[in-house]
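Counting begins at 1 with the first residue of the sequence. Ligands are counted one by one from 1 in listed order, and the atoms in each one are counted from 1 as well.
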Amino acid sequence: MEFRDLKTQYLRHKEAIDGAIERTVANAQFIGGGAVTRLEEALAAYVGVKHCISCANGTDALLLALLAWGVGEGDAVFVPDFTFFSTAEVVPWLGAVPVFVDIDADTFNMSPQALEKAVKDVQEEGRLRPRAVIAVDLFGQPAEYEEIRKTAERYELFLMEDGAQGFGGRIGGKRACSFGDISTTSFFPAKPLGCYGDGGAVFTDNDGWAELIRSYKVHGKGSDKYDNIRIGMNSRLDTIQAAVLSEKLRFFDEEVEGCNRVAAAYTERLRDKVKTPTVLPGYDSSWAQYTVRFSDEKQREEAASRLREAGIPSMVYYRKPMHALKAFEHIQTYKSDCKTAEETCRTCLSLPMHAYLQESEIDKISQLL
Ligand SMILES: *Cc1c(COP(=O)(O)O)cnc(C)c1O
């Protein structure tokens, strides 16, 4: 059984995807070109924002956004304590300080109340300037942007949406990657919209930031690539990846629907056994992960080993909260009370999740939990 069945997905759409790759190779345009521009336009239209700027991966996308805002030394950037490393990794890269914020026990996403308190604490302490918040759409469900935005506005913080796992999610019909002042996503193969290598994108309605990001991602270019007006980076999406993504975008909604069917089937079977994931009223998840919680670590480990013995993969996303990672041991960080994140790391387990999971497989997994 596959944790995320990319092979079946490919075989279902083989002709279209192979055709797109072949056309790119035949055109011999491997960097930039019409395929990249067309993808950016299609993604911007899909999400409902003015600008989509493609880049090399989801980590660069976060970094490019912080660069556009001029985040740097002395700045505090608020990130959830329970997320993939990248969300916090990019902050010290620019000399700024990550402030780890606790999550909500039901949604796994940044707790708006914990954020409000953390910003207030940092401001009162006065050593750092609260500058930006990066909310993450963890496991496919958008964060609580209505509440988070109130705090961002109250303290004049930039709001970023890390939609690496959230692409395809919605709040009241509005699509993920439209909720931040700048939003980002990743096209890593296992993400909701994955390509066949690394890829990422930045989304914004702001013309000035879009122009800056287009410059930063190509060596700080000015009017052309050899007129370098700022220190930038090399972060482009390969043309082949853009061609693959354009094809995959055509059947993306179908994939998300399939994942929603699987999630509903899991929840029906597991509701009385474990704590199943909560999707807030009016929210839609793209189900990057289906993550359940056990009452303690021992039960989690026992369930994982029962699955393993039956040849069923499961994963612990994430085993450590950000504040406990070795990488942050010797750099300045700021931790508020993150009890829920710690507890979640001990008790969570992510189950196989993809649109091609069979009812019989869902039954088997559910019986073993
Ligand atoms: C995967 C991921 C990223 C980074 O994306 P890459 O394309 O792998 O660099 C950032 N944030 C979150 C929440 C992710 O899950």
Side-chain angles (χ1 to χ4, degrees), residues 3-4 6 39 43 52-67 77-94 98 100-101 103-104 107-110 132-145 148 159-169 176-177 179-180 182-203 213 216-217 233-238 241-242 244-245 248 259 277 285-291 315-322 325 327-328 341 344-345 348 350 353:
F3 190 70
R4 199 137 183 111
L6 299 175
L39 174 72
L43 289 171
C52 167
I53 305 115
S54 62
C55 63
N57 55 68
T59 309
D60 281 3
L62 295 163
L63 189 58
L64 285 162
L66 293 179
L67 277 169
V77 178
F78 299 82
V79 300
D81 196 38
F82 187 73
T83 177
F84 179 63
F85 185 50
S86 292
T87 314
E89 181 182 25
V90 293
V91 176
W93 187 251
L94 293 169
F100 302 122
V101 177
I103 56 164
D104 179 273
T107 63
F108 300 103
N109 280 330
M110 181 186 268
V133 48
I134 309 179
V136 177
D137 302 341
L138 206 72
F139 303 152
Q141 177 169 213
E144 287 177 73
Y145 289 102
I148 290 172
L159 173 56
M160 177 141 45
E161 173 185 8
D162 177 352
Q165 300 180 17
F167 199 81
C177 291
F179 301 117
I182 300 182
S183 304
T184 65
T185 198
S186 162
F187 303 125
F188 181 82
K191 305 284 161 130
L193 180 62
C195 61
Y196 289 172
D198 277 309
V202 183
F203 298 86
I213 290 165
Y216 275 121
K217 67 171 256 194
M233 50 206 267
N234 175 14
S235 185
R236 290 175 294 227
L237 179 73
D238 291 347
Q241 301 304 345
V244 168
L245 285 166
K248 289 189 65 172
C259 288
S285 176
S286 58
W287 298 104
Q289 304 292 344
Y290 187 89
T291 305
M315 304 284 263
V316 175
Y317 294 124
Y318 297 94
R319 220 170 258 285
K320 281 185 178 178
M322 287 293 112
L325 290 171
F328 295 119
T344 305
C345 288
C348 65
S350 301
M353 169 49 81

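Judged by distance alone, the side chains of D81 and Y318 never bring a donor and an acceptor atom under 3.5 Å apart. Using modelled atom types, one finds a donor on one side chain and an acceptor on the other under 3.5 Å when comparing S183 with E161.
Geometric assessment of K191 against the ring of F84 yields a positive cation-pi assignment under the 6.0 Å and 45° thresholds.
Of the protein's heavy atoms, T59 OG1, 2.5 Å lies nearest to atom 9 (O) of ligand 1. For atom 6 (P) of ligand 1, the nearest protein heavy atom (residue, atom name, distance) is G58 N, 3.4 Å. Of the protein's non-hydrogen atoms, the one nearest atom 11 (N) of ligand 1 is D162 OD2, 2.7 Å. Protein heavy atom closest to atom 14 (C) of ligand 1, with residue, atom name and distance, is K191 NZ, 3.0 Å.
When each atom of ligand 1 is checked for a heavy atom of T87 under 4.0 Å away, the hits are 11 (N), 13 (C). Under a 4.0 Å criterion applied to the non-hydrogen atoms of V136, ligand 1 contributes the atoms 13 (C). Those atoms of ligand 1 with a heavy atom of S186 less than 4.0 angstrom away are 5 (O), 6 (P), 7 (O). The distance from ligand 1 to the heavy atoms of N57 drops below 4.0 Å at these ligand atoms: 7 (O), 9 (O). Residue T83 approaches ligand 1 through these ligand atoms, each under 4.0 Å from one of its heavy atoms: 13 (C).
For K248 (side chain) and L193 (main-chain N/O), no donor-acceptor pair under 3.5 Å exists by modelled atom type.
At a threshold of 4.5 Å between non-hydrogen side-chain atoms, the residues T344 and F108 count as touching. For the pair S54 and K217, the minimum side-chain heavy-atom distance is below 4.5 Å.
Side-chain rings of F203 and F179 stay apart, their centers remaining 6.0 Å or farther from each other.
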